[in-house]
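Remember, it's a predicted structure, so these values are computed and weren't measured experimentally.
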Amino acid sequence: MAVYVVIIHLEAAKLLANICQQKGQRAFVKKVCMEQNGAPDYVDTTANSLRDTEALISYSHVAKSPNNVESGSGLSNIRLVNPVITPRFIPTRSLDVLRDLGALLSKYHDEGRL
């Protein structure tokens, strides 16, 4: 099992999730949420950050064990890749985004997707 922290780009996080799934590696993938106090080309808008975090949750939810896992082993339906909701660190996030990330956590945890 591994925990990966990906930069602010959703496509990079999805690519990493695909690679982990293809290799049969159990992984927790974190897409960085960072909207302020960063380098000009390394920050995201609040709306994009929340939208992309939710997209990663949905995308990761469909990653299941690879075909080489024996059916009937009890492992064929285990989700290998799990998303992690996380801010970068407090100075790079507004209170609004922290609140909204908490709401995403509640929503998807209650649905059994996190």
Any T53 side-chain heavy atom under 4.5 Å of L101 side chain: yes
Should S49 and K31 count as side-chain neighbours, where that means a heavy-atom distance under 4.5 Å? yes
Rounded to the nearest 0.5 Å, how far does [atom2] of [Y] lie from [atom1] of [X]?
X	Y	atom1	atom2	result
I57	D52	CD1	CG	11.0 Å
L105	I85	CG	CD1	5.0 Å
L104	K107	CG	NZ	7.0 Å
T45	L50	OG1	CG	8.5 Å

Can you list the residues that meet the salt bridge (charged side-chain N to carboxylate O under 4.0 Å, His left out) rule with K30, with sequence neighbours excluded? none
Which residues share a side chain to side chain donor-acceptor pair (under 3.5 Å) with N18, sequence neighbours left out: Y59
Could you pull out every donor-acceptor pair under 3.5 Å between side chains of residues 1-17 and any protein atom, sequence neighbours left out?
residue : atom : partner : partner atom : Å
Y4      : OH   : Q25     : OE1          : 3.0
Y4      : OH   : Q25     : NE2          : 3.3

